[in-house]
Asker: 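Here it is, the structure, as structure tokens.
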Number of protein chains: 2
Amino acid sequence: MRIGDLAERSGVSTRSLRYYEEQGLVPAFRTAGGHREYDESDVGRVRFVQLLFSAGLPSRAIVQILPFLDTGIATAAMRQRLDDEHDRIQRQIDELTLARDRLAELRTIAADSAGGRSAQECRLAAEAAVTCSRRSADRRTSETPVSAS
Amino acid sequence: MRIGDLAERSGVSTRSLRYYEEQGLVPAFRTAGGHREYDESDVGRVRFVQLLFSAGLPSRAIVQILPFLDTGIATAAMRQRLDDEHDRIQRQIDELTLARDRLAELRTIAADSAGGRSAQECRLAAEAAVTCSRRSADRRTSETPVSAS
DNA sequence: GTTGAAATTGACATCAATGTGAAGTTCTAG
DNA sequence: CTAGAACTTCACATTGATGTCAATTTCAAC
């Protein structure tokens, strides 16, 4: 399988696949002419790499984890990395959940705004929902101000 | 309150606060000499902005949502944005949850590796856990290859 | 007033993955 | 054998929030 096929099968660009190889994430065989040659199993590997990327792991971390898939041997550093990233992701999930709930509250209030409630009521409700500012941005300069020369 | 105080109170750098103003997220009054002047309410506002940033909203999106806090008036575009970001965050949570679970499985298997099970067993288990490649990176060039000149 | 701390703007750097385009090479179908 | 599609490497651009350095100005306290 060549790079174009793998790109299509796994849903990433050829550019990304070259980058993955450069980073040592998805190594490739080479034809006599220098073209990359992949096999069926790489489709899953690329998808896994993608999953980790989208979870915010930097390539450095993925590089550290991936050899386990190939060798089945886990070093202490590798286990540590697994733990660290797991925890980091969990923290991120918690944060996202909080943000999601805040937005959901605002959405509800905004719907009220479209319905009966007054702007003033909504503003107060929104403030409460967000535990946030009173009277910010009343008549302030929201643009970059004149230079103080 | 001046920028240094607000930075300390809200836990963001002064650099970021200047950026927030530049983006129209947290406008500030100015003293005669041009220094930024904040009030108590801005602490919560900055924290909320930070929450949205950490949830992956670009400033453009935050700019669109924030006026609701100040006016209590929600435009259609604003409600749409709230919905979109809510859904995007939900999708991200799902993705992160998947990644977290995969890492947790790998961690379990890696622990087995430290304990009794053989590398071969672990390799197979890891592959299965990840739904990923068999025999990738056997004897491939994982470095950037020689130029094909 | 004077001084030192803290503010100001501006420019450039960073990270990380990916886009993009050029210039050249290899593969494959006819 | 040849045309053209697909590949190769290299290099620079992008995005967005933030770090950092530098030269200058303002504020607060004495």
Side-chain angles (χ1 to χ4, degrees), chain A residues 1-38 46-64 85 88 92 95 99 141 143-149, chain B residues 1-38 46-64 85 88 92 95 99 141 143-149:
Chain A
M1 194 191 314
R2 282 205 304 284
I3 197 171
D5 306 297
L6 180 58
E8 195 174 2
R9 299 275 301 280
S10 59
V12 304
S13 66
T14 59
R15 174 69 179 86
S16 296
L17 291 177
R18 294 196 188 97
Y19 177 73
Y20 293 173
E21 183 186 73
E22 185 181 300
Q23 299 296 309
L25 302 174
V26 184
F29 292 107
R30 292 300 182 131
T31 67
H35 286 196
R36 290 170 180 81
E37 187 77 26
Y38 297 95
V46 168
R47 292 221 182 95
F48 182 57
V49 167
Q50 270 282 91
L51 180 70
L52 296 186
F53 268 130
S54 65
L57 278 77
S59 23
R60 173 178 341 111
I62 303 180
V63 156
Q64 204 174 13
E85 295 298 339
R88 189 190 54 74
Q92 202 178 338
E95 207 168 49
T141 61
E143 296 309 310
T144 307
V146 293
S147 66
S149 63
Chain B
M1 195 190 316
R2 282 204 306 285
I3 196 171
D5 306 297
L6 180 57
E8 195 173 1
R9 300 274 302 279
S10 59
V12 303
S13 66
T14 58
R15 174 71 179 84
S16 296
L17 291 177
R18 295 197 186 95
Y19 177 74
Y20 294 173
E21 184 187 73
E22 186 182 299
Q23 298 297 309
L25 302 174
V26 184
F29 293 106
R30 293 299 182 131
T31 66
H35 284 197
R36 291 169 182 80
E37 187 78 24
Y38 298 95
V46 168
R47 291 222 182 96
F48 182 57
V49 167
Q50 268 283 91
L51 180 69
L52 296 186
F53 267 131
S54 65
L57 278 77
S59 25
R60 169 178 344 111
I62 303 180
V63 156
Q64 204 173 15
E85 295 298 339
R88 188 190 55 73
Q92 201 177 340
E95 206 167 50
T141 61
E143 295 309 310
T144 308
V146 293
S147 67
S149 64

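All heavy atoms count here, side chains included; hydrogens, waters and symmetry mates do not. Within every chain, numbering begins at 1; the chains are lettered A, B, ... in the order of the sequence lines, protein sequences first and strands thereafter.
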Asker: Before accepting this row, confirm whether a basic side-chain N of the pair B:Glu21/B:Arg18 lies closer than 4.0 Å to the acidic partner's carboxylate O.
Answerer: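 Salt bridge flag = no for B:Arg18 with B:Glu21.
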Asker: Looking at every heavy atom in both A:Ala55 and B:Ala99, which two are closest together, and how far apart are they?
Answerer: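 Taking A:Ala55 first and B:Ala99 second, the nearest heavy atoms are CB-CB, 3.5 Å.
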Asker: Identify, between A:Tyr19 and A:His35, the residue whose nearest nucleotide on DNA chain C lies closer to the 5' end.
Answerer: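 So the residue in question is A:Tyr19.
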Asker: How many Å lie between CD on A:Gln23 and C1' on C:dA16, as a whole number?
Answerer: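 For the pair A:Gln23 CD and C:dA16 C1', the rounded distance is 9 Å.
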Asker: Is there a side-chain polar atom (N or O) of B:Tyr20 under 4.0 Å from OP1 or OP2 of D:dT18?
Answerer: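 Yes, within the criterion.
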Asker: What is the minimum heavy-atom distance between A:Gln23 and A:Val63, and which atoms define it?
Answerer: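 Reported closest heavy-atom pair: O-CG2, 3.1 Å.
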Asker: B:Ser59 or A:Asp5: which one's nearest nucleotide on DNA chain D is closer to the 5' end?
Answerer: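 It is A:Asp5, whose closest nucleotide lies nearer the 5' terminus.
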Asker: Calculate the interatomic distance between B:Arg18 atom CZ and D:dT25 atom C1'; express it in whole Å.
Answerer: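 Result: 13 Å.
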Asker: Before you tell me yes or no, could you show the steps for A:Phe53 and A:Leu25 under side-chain contact (heavy atoms from CB on, under 4.5 Å), namely the whole-Å CA-CA distance, both residues' side-chain angles and the distance that decides it to 0.1 Å?
Answerer: CA-CA 11 Å; A:Phe53 268 130; A:Leu25 302 174; 3.7 Å; yes
Asker: When you compare the protein's N or O atoms with those of nucleotides 28-30 of chain D, which come within less than 3.5 Å of each other, and at what distance?
Answerer:
residue, atom, partner, partner atom, Å
D:dA28, OP1, B:Arg2, NH1, 2.9

Asker: Can you tell me the distance, in whole Å, between the CD atom of A:Glu37 and the P atom of D:dT8?
Answerer: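 Rounded to whole Å, this separation is 10 Å.
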Asker: CG of A:Leu25 versus C1' of C:dA16: gap in Å, rounded?
Answerer: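 From A:Leu25 CG to C:dA16 C1': 12 Å.
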Asker: Over all heavy atoms of both residues, which pair between A:Thr14 and A:Ala7 is shortest? Give the atoms and the distance, please.
Answerer: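 Looking at all heavy atoms of both residues, the closest pair is CG2-CB, 3.8 Å.
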Asker: So, does B:Arg60 get its side chain near the phosphate of D:dG16, meaning an N or O under 4.0 Å from OP1 or OP2?
Answerer: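 B:Arg60 to D:dG16 OP1/OP2: side-chain N or O found under 4.0 Å.
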Asker: Mind calculating the distance between OH (A:Tyr38) and P (D:dT8) to the nearest angstrom?
Answerer: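 To the nearest whole Å, that distance equals 7 Å.
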Asker: Find which nucleotide of DNA chain D each of A:Ile3 and B:Gln50 is nearest to by heavy atoms, and output the residue with the more 5' nucleotide.
Answerer: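 Counting from the 5' end, the first nearest nucleotide belongs to A:Ile3.
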Asker: Which pair of heavy atoms, one from B:Glu37 and one from B:Met1, lies closest together, and at what distance?
Answerer: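 Of all heavy-atom pairs spanning B:Glu37 and B:Met1, the closest is OE2-N, 3.1 Å.
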Asker: Using a cut-off of strictly less than 4.0 Å, decide whether B:Ser13 has a side-chain nitrogen or oxygen near OP1 or OP2 of D:dG19.
Answerer: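 For B:Ser13, the contact criterion (side-chain N or O under 4.0 Å from OP1 or OP2 of D:dG19) is met.
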Asker: If you check the B:Thr31 side chain, which of C:dT8, D:dC27, D:dG19 turns out closest?
Answerer: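 Shortest atom-to-atom distance from the side chain points to D:dC27.
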Asker: Set out, in order, the CA-CA distance, both residues' side-chain angles and the distance that settles side-chain contact (heavy atoms from CB on, under 4.5 Å) for B:Val46 and B:Arg9, then state yes or no.
Answerer: CA-CA 10 Å; B:Val46 168; B:Arg9 300 274 302 279; over 6 Å; no
Asker: For A:Leu17 and D:dT8, give me the distance from atom CG to atom C1', rounded to whole Å.
Answerer: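 To the nearest whole Å, that distance equals 14 Å.
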Asker: Nearest to the side chain of A:Arg30, which nucleotide is it out of C:dA16, D:dT8, C:dA7?
Answerer: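 Nearest nucleotide to the side chain: D:dT8.
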Asker: Should A:Gln64 and A:Arg60 be marked as a side-chain hydrogen bond (donor to acceptor under 3.5 Å, both in side chains) after you check the CA-CA gap, both sets of side-chain angles, and the distance that decides it?
Answerer: CA-CA 6 Å; A:Gln64 204 174 13; A:Arg60 173 178 341 111; over 6 Å; no
Asker: What pair of heavy atoms forms the shortest contact from A:Tyr38 to A:Pro27, and how long is it?
Answerer: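 So the two residues come closest at CE2-O, 4.3 Å.
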Asker: Whole-Å distance between C:dT8 C1' and B:Glu21 CD?
Answerer: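 Going from B:Glu21 (CD) to C:dT8 (C1'), I get 11 Å.
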Asker: Pick out the pairs of N or O atoms, protein on one side and nucleotides 20-23 of chain C on the other, that lie under 3.5 Å.
Answerer:
residue, atom, partner, partner atom, Å
C:dT20, O4, A:Arg15, NE, 3.0

Asker: What is the distance from CD of A:Glu22 to P of D:dT8, rounded to the nearest Å?
Answerer: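 Between P of D:dT8 and CD of A:Glu22: 13 Å.
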Asker: So, for A:Ile62 and A:Val49, which heavy atoms are closest and what is the spacing to 0.1 Å?
Answerer: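 Nearest heavy atoms, A:Ile62 then A:Val49: CD1-O, 4.1 Å.
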